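Below you'll find the structure, written out as structure tokens, and then a few comments.
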Amino acid sequence: MTTSDPTPTTFAALGLSAPVLTALSEIGYETPSPIQAACIPHLMTGGDVLGEAQTGTGKTAAFALPALERIDVTRRTPQILVLTPTRELAIQVAEAFQTYARYLRDFHVVPLYGGQSMVVQLRQLTRGAQVIVGTPGRLMDHLKRGSLKLDDLKVMVLDEADEMLRMGFIEDVEWILSHTPSTRQTALFSATMPSVIRSVAQRHQRNPVEIKIKSATSTVSTTRQSYWMVRGHDKLDVLTRILEAEDELDAAIIFVRTKVATDELANKLEARGHAAAALNGDMTQGLRERVINQLKSGQIDIVVATDVAARGIDVPRVTHVINYDVPYDTEAYVHRIGRTGRAGRTGHAILFITAREQRMLRAIEHATRQKIALLTLPTRSEMADRRVSKFKQEVLDILEQEELHFFMEVVGQLRDENELKAHSIAAALAFMAQRDKPLQLDNAKGSDLPTTSEVRAPRENRDEAPNRRRDAADGKLRPYRIEVGRQHGVTPKEIVGAIANEGGLSGGQIGQIHLFDDFSLVELPSDLSNETLATLKRTRVCQQALQIQADDSTPMPAKRFGTKPGASKRPGAPGAPAKKPFKGGKPFIKRPKV
Ligand code: ADP
Ligand code: MG
């Protein structure tokens with residue numbers, strides 16, 4: 001059975017019970033999604049289902065709602081078992097069950113996944129639950145030690161079966177299936193239907209009804225897609241401009257390819273005043289959950305994630321998915337952008353792509369059956385105008401909302417003691433307030449960001465040009481002297497961090513660094529603005545003011561900084577490591593969030 005255009009129906013018409021219907025209307029589900037309309041009636045009658053549908057189509061409710069109807073709440077034994085590929089999904093599915101079942105008395109659901117303390121899980125299992133949601137490995141552990149008994153199991157759900165296959169869990173899944181009562185009902189969901197999954201279904205299901213939802217998912221159609229042609233080093237600049245320019249931006253997930261890159265980029269964004277955090281597979285489960293919850297609650301707005309760590313995240317306030325590093329394939333892309341446009345809202349997916357990756361762009365257009373347009377970024381002067389009007393608005397808001405008595409008094413004293421005009425004082429305060437985000441974007445050439453037209457004609461293979469030694473940025477680099485050196489205990493990383501953050505430079509604009517005893521030389525664009533220079537003069541590293549000044553007299557030694565072989569090459573230089581100019585860069589110099 002292929003459901004392309006199901007007749008609109010209601011949840012009530014699907015035969016769901018009153019408490020469940022109340023919960024659904026409370027959380028705002030109006031009509032069943034196509035997969036729900038197709039699956040629910042069949043699952044309610046006890047039949048098996050083999051469902052093929054992309055992320056974001058509403059699979060969780062498709063299996064959870066009918067499962068709830070089959071539970072006997074007077075018994076606290078596991079009756080429903082859901083297998084998910086990741087801990088995040090296990091938690092999310094368990095939360096969804098809890099939400100849908102909020103009006104079922106004595107209902108309990110327990111998520112079981114690796115990385116969480118066994119003691120906690122054993123305690124929860126002893127208390128008893130009708131629904132168990134877990135990852136295959138941990139479920140096997142519990143089954144083997146007898147802490148999980150499935151004698152009363154009625155329904156088994158395999159969620160994201162292809163992902164479980166991809167992660168190497170399929171044998172565990174089959175082992176678990178073979179340790180459940182043969183009378184059970186089985187629902188298997190998968191975004192794709194590789195033959196291995198199909199044969200699992202054949203071995204473990206009984207006459208399943210096949211339900212396929214067309215792959216142009218609802219998520220994709222509610223998501224606006226654009227791309228930006230990047231030229232290597234301007235990624236971070238463009239990203240920060242997007243984050244500032246996109247009006248509807250509430251929260252964003254930024255995808256990068258490596259765990260290291262999640263930390264690096266999150267740090268850089270934090271240093272630029274964004275509330276950002278990394279999300280990757282190296283983090284403990286507790287940390288990952290905390291990050292997702294912070295994103296949900298608005299404590300942070302940006303998560304920089306790898307594909308695996310972000311899979312299945314369902315946070316409705318995510319308005320933007322930014323593919324900072326290009327995905328490996330179109331399927332990964334569809335999964336990524338499925339993190340936005342949740343629950344029928346519109347989302348925006350932005351893809352950073354280099355000239356050499358254009359083929360991926362076409363493939364994605366083909367896969368999502370949508371034309372992807374070139375992103376238009378506001379010009380620098382438009383950006384400046386926005387900052388000014390935002391600034392004015394902030395001032396007006398403060399005047400309206402804050403109690404300013406004390407501050408009036410301070411300003412009054414300042415005015416009287418120095419015979420100043422209030423206007424001048426206000427200007428000085430405005431200057432102080434905008435230091436982190438200057439209201440006047442200086443137009444020094446070379447420091448400007450690429451414009452749309454410039455980007456339309458990317459210089460082919462620019463990054464591969466040989467002898468690209470000293471012009472990491474567009475402009476030429478020259479040595480500058482800073483008054484902090486080895487004897488102060490400084491490291492090149494700290495220097496890069498301070499200059500990048502305080503001076504607003506990108507990693508690519510910082511060249512060689514050489515440490516001497518009581519000073520250092522660092523290569524920076526020769527056309528640094530006076531404003532940047534003034535800021536960097538004051539910037540302190542290891543308690544030393546940098547006192548930066550151009551210095552062409554001290555010879556720059558040939559050696560580059562870096563501790564690892566290979567780390568000395570600029571990114572993009574032939575043979576350089578594919579990623580990132582400097583390692584780590586842990587909390588640079590923190591600035592207050594804006
Ligand atoms: P999938 O598992 O297919 O990726 P989910 O079950 O995670 O999709 O659902 C995606 C989002 O859509 C969730 O935010 C969910 O709450 C929401 N959703 C699901 N069904 C409905 C519905 N019938 N009406 C409105 N929103 C829904
Ligand atoms: Mg799902």
Side-chain angles (χ1 to χ4, degrees), residues 3 6-14 16 20-41 43 49 51-68 82-102 111 133-135 157-164 187-193 211-223 250-251 253 292 295-296 307 310-319 321 331-332 334-347:
T3 331
T7 26
T9 175
T10 61
F11 283 110
L14 297 176
L16 298 171
V20 171
L21 291 174
T22 312
L24 289 178
S25 78
E26 238 176 58
I27 56 177
Y29 289 9
E30 284 170 350
T31 52
S33 72
I35 189 132
Q36 291 160 4
C39 286
I40 292 173
L43 289 173
V49 159
E52 183 177 340
Q54 289 289 343
T55 35
T57 47
K59 291 187 286 291
T60 317
F63 62 76
L65 299 177
L68 287 178
V82 183
L83 294 190
T84 66
T86 65
R87 307 152 178 186
E88 282 77 14
L89 275 172
I91 291 166
Q92 238 171 56
V93 169
E95 281 175 358
F97 264 101
Q98 194 64 62
T99 308
Y100 303 143
R102 63 165 73 137
V133 185
T135 51
V157 179
L158 311 186
D159 192 16
E160 306 216 1
D162 53 346
E163 190 59 15
M164 292 199 273
L188 188 160
F189 293 96
S190 202
T192 56
M193 214 38 91
I211 293 168
K212 185 170 175 172
I213 300 299
K214 275 202 192 154
S215 66
T217 67
S218 53
T219 298
V220 171
S221 63
T222 57
T223 298
D250 186 5
I253 298 184
I292 293 171
L295 185 67
K296 272 189 190 156
D307 289 272
R311 204 165 203 283
I313 289 181
D314 179 25
V315 178
R317 65 180 283 260
V318 172
T319 50
V321 163
E331 207 176 310
V334 171
H335 279 302
R336 285 179 175 190
I337 74 168
R339 300 311 108 226
T340 185
R342 309 294 287 179
R345 302 174 202 213
T346 33

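Since the structure is predicted, the reported quantities are computational estimates derived from the model, not experimental observations. All values below were derived from every heavy atom in this structure, side-chain atoms included, with hydrogens, water molecules and symmetry-related copies excluded. Counting starts at 1 for both ligands and their atoms, following the listed order.
The minimum heavy-atom distance between V133 and A90, with the atom names listed, is CG1-O, 3.5 Å. Residue L21 comes nearest to A12 through the heavy atom pair CD2-N, 3.6 Å, listed as atom of the first residue, atom of the second, then distance. When all heavy atoms of I40 and P66 are compared, the closest pair comes out as CG1-CD, 3.9 Å. The minimum heavy-atom distance between R317 and K296, with the atom names listed, is CD-O, 3.6 Å.
Residue contact annotation: P316 has no non-hydrogen atom under 4.0 Å from ligand 1. Distances shorter than 4.0 angstrom do not occur between any heavy atom of D159 and any atom of ligand 1. Within the structure, the closest approach of F11 to ligand 1 falls below 4.0 Å when heavy atoms are considered.
Listed by number with element, the atoms of ligand 1 under 4.0 Å from a non-hydrogen atom of S33 are 23 (N). Each of the atoms 22 (C), 23 (N), 24 (N) of ligand 1 lies under 4.0 Å from some heavy atom of T31.
For atom 2 (O) of ligand 1, the nearest non-hydrogen atom from the set I35, L89, T60 comes from T60.
Remark: ligand 1 and A61 share no N or O pair separated by less than 3.5 Å (distance only, no angle test).
For the residue pair D162 / T192, a side-chain donor-acceptor distance below 3.5 Å is found, with atom types taken as modelled.
Neither the backbone nor the side chain of Q92 comes within contact range of ligand 1; no heavy atom lies under 4.0 Å. Counting heavy atoms under 4.0 Å from ligand 1, residue D314 touches it through the side chain alone.
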Determine, stepwise, if the pair I91 / I292 fulfils side-chain contact (heavy atoms from CB on, under 4.5 Å). CA-CA 11 Å; I91 291 166; I292 293 171; over 6 Å; no
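In this structure, E88 does not pair ionically with R339, as no charged nitrogen and carboxylate oxygen lie closer than 4.0 Å.
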